[in-house]
Amino acid sequence: MIEAFARTTDGIVSLAEFRRLLDSGRRLTVKFGADVTAPFLHLGHAVNLWMMREMQERGHHVVFLVGDFTTLVGDPSGLAAARAARRAGEIAEDAAAFLRQAGRILVTDDPALFSVRRNSEWWAGKPLAEFLAMLAEVTASRLMSRDMFRARLEAGGEVRAHELVYPVLQGRDSVELGADLTIVGSDQLFNESMGRHFQEKAGQKPQVIVTTRITPGLDGRRKQSKSLGNFVGLEDGPRDAFGKVMSLPDGLVVQWLEVYTTVPPGRVREIERALAGGGCNPMDAKRELARAVTARLHGEASAAAEESWFLDTFRGRGFPEDAPVASLASGGRKALDLVAELEPGSSRNALRRLLMEGAVELDGRRLGSADEAIVLPPGFSGKLRVGRRRFFRIVVAGVSGGAGVSGGAGVSGGAGGLAEGPGGPTGWGC
RNA sequence: GGAGAGAUUCCCGAGUGGUCAAAGGGGGCAGACUGUAAAUCUGUUGGCUCAGCCUUCGAAGGUUCAAAUCCUUCUCUCUCCA
């Protein structure tokens, strides 16, 4: 168990206690606390979830703690009561989305293994006197010692008073749940340590904290987050998952293999050595990574299919067979209007720029101006590419079987073109 | 409570009455190059019915032909003192 955790674990407080818990034969309560502001789970969360799933496999119980109360007070700009009230509804929605995503990894339909709690259960209506008594159990300097706060203050930033108190709330949650164990990103160590502190004050056995390694996201710099867009989401389709991993900087391949896949350590070392010695093309290593990540999230079959698709489309520079089909009316229109029909989500200015930058091609011919007139005869069918990765097959109704389809046959036939076949991951360069 | 500094487009940060949709950098997007990597070069980076118009420089008012820039009030932040 502990051995299985090792590759993704940053630290354990404490290892001895963890061993004792596991040996006790007791059904353990694992706390899975979550702020529900942005219900967007990604690989970073998955690391924790996979470990919790392991615990479930051994019969332990995961409590999903919705921070509905802490989220409500957590927003410093949420001054108006009206605003807070409105957000209560959003929180419920977000919590549902969160649960749905977590359910992709955790067992959520067995009450013996999973339950949901809300921290408003004990925080809403908590008498102030009781709360102040809790505050008396910590020193201000302890709270302020958190490195994040220090860094912010030193940078001339601000720390709101409620932020200072937030770890107290999160820590007390562990008391309310009687948590035995919590598995969190290493940036949560401080908050969860407060949990141990308060549990001891309350006469409970302090929870064991397993902190997991935090790995830079797709941008190669900061950890994955929704706002930075540098993540592989649990709800991303297999195609996006594969493609996103392929855009990872080379230097992170080994780290990602360790943290996000179950590729055996021996194999990871092998790849690491091959990369270091120039013995393999980094892209091949990354392909193995992308395949492993996609398979873990979506199954081996999808992973194999997306790998073929990727190779055909990007390495082979092909036009994807399964590009979305857009049925358009026949007739003339400006290039800009054509693209706008296909990309209703983008602003026309943005599309105009793309056209000027030469990012739009119709049947291999670059459309260089927004005003260029495009005439689509009845029966026309063509391939439109916008930027590197957006493809559309344009079809115009009308049976007059005329010149339309002239430019076909540019694409070699589908996945069959791949010699390697869907076999094992061996046989690559690494 | 007192004194000072400040709030600018995604971020940092210039800009003290018209030449400002606002320098420069970062980040993003796109093109070249490529392996949807990195590095490099180039372009671009509020919206639209696009030689023009609309919205934007903490908020609301005001002065002016004209305001990010001046005045008033307000909100908020930082620093020092108490």
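Chain naming here is simple, since letters A, B, ... match the order of the sequence lines and numbering starts at 1 in each.
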Counting Watson-Crick and G-U wobble pairs only, both distances under 3.5 Å, name the nucleotide matched with [N], or none.
N	answer
B:rU69	none
B:rU19	none
B:rU77	B:rA5
B:rG24	B:rC12
B:rC50	none
B:rG35	none
B:rC29	B:rG43

**Message:** Would the distance check show the side chain of A:Glu235 and the main-chain N or O of A:Arg100 forming a donor-acceptor pair, the cut-off being under 3.5 Å?
**Reply:**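 Such a contact is absent between A:Glu235 side chain and A:Arg100 backbone.
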
When all nucleic acid strands are considered with a 4.0 Å heavy-atom cut-off, which category describes [X]: base, sugar-phosphate, or nothing?
X	answer
A:Lys244	nothing
A:Pro282	base
A:Leu228	nothing
A:Arg221	sugar-phosphate
A:Arg366	sugar-phosphate
A:Gly358	sugar-phosphate

[atom1] gap between [N] and [M], integer Å:
N	M	atom1	value
B:rA21	B:rC50	C1'	14 Å
B:rC80	B:rU45	C1'	41 Å
B:rU34	B:rC41	C1'	14 Å
B:rU16	B:rC11	C1'	24 Å
B:rG27	B:rA22	P	22 Å
B:rG62	B:rU69	C1'	15 Å
B:rU19	B:rA68	P	9 Å
B:rU8	B:rA82	C1'	34 Å

Provide the closest heavy-atom pair for [X] versus [Y] in the form atom of the first, atom of the second, distance.
X	Y	value
A:Ala46	A:Leu234	CB-CD2, 3.9 Å
A:Ser193	A:Arg142	CB-NH2, 4.2 Å
A:Phe231	A:Asp236	O-OD2, 4.2 Å
A:Lys31	A:Ser174	NZ-OG, 2.9 Å

Check your understanding: Near RNA chain B, under 4.0 Å by heavy atom, which residues of residues 337-355 of chain A?
Key ->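 Under 4.0 Å from RNA chain B: A:Ser347, A:Arg348, A:Asn349, A:Arg352, A:Arg353, A:Leu354.
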
Next item on the list: Tell me which of A:Phe242 and A:Leu336 sits closer to the 5' end of RNA chain B, going by the nucleotide each one is nearest to.
Entry: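 Of the two residues, A:Phe242 wins.
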
inquiry  = For A:Met356 and A:Gly251, find the nucleotide of RNA chain B closest to each by heavy atoms; which residue's nucleotide sits nearer the 5' end?
reply    =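 It is A:Gly251 whose nearest nucleotide is closer to the 5' end.
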
Please step through side-chain contact (heavy atoms from CB on, under 4.5 Å) for the pair A:Leu275 and A:Asp250, ending with a clear verdict. CA-CA 10 Å; A:Leu275 284 173; A:Asp250 291 350; over 6 Å; no

Counting heavy atoms not belonging to A:Arg269, are there more than 12 under 6.0 Å from its CZ?
->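 Counting other residues, nucleotides and ligands, CZ of A:Arg269 exceeds 12 neighbours.
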
Salt bridge between A:Glu176 and A:Arg117, side-chain N to carboxylate O under 4.0 Å?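 Not counted as a salt bridge, because no side-chain N and carboxylate O are separated by less than 4.0 Å.
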
Any donor-acceptor pair under 3.5 Å linking the side-chain atoms of A:Trp123 with those of A:Asp68?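 Note: A:Asp68 and A:Trp123 side chains miss the donor-acceptor criterion.
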
| query | Would you say the side-chain atoms of A:Thr294 and A:Glu306 include a donor-acceptor pair closer than 3.5 Å? | reply |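 No, no side-chain donor-acceptor pair sits under 3.5 Å.
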
* Asked: Along RNA chain B, 5' to 3', what are the outermost nucleotides having an atom less than 4.0 Å from a heavy atom of chain A?
  ->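 Using the under 4.0 Å cut-off, the span is B:rG27 to B:rC78.
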
**Request:** Could you check A:Arg221, A:Arg222, A:Lys223 and say which one makes a salt bridge (Lys or Arg N to Asp or Glu O under 4.0 Å) with A:Asp219?
**Result:**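 Testing each of A:Arg221, A:Arg222, A:Lys223 against A:Asp219, the sole residue satisfying salt bridge (Lys or Arg N to Asp or Glu O under 4.0 Å) is A:Arg222.
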
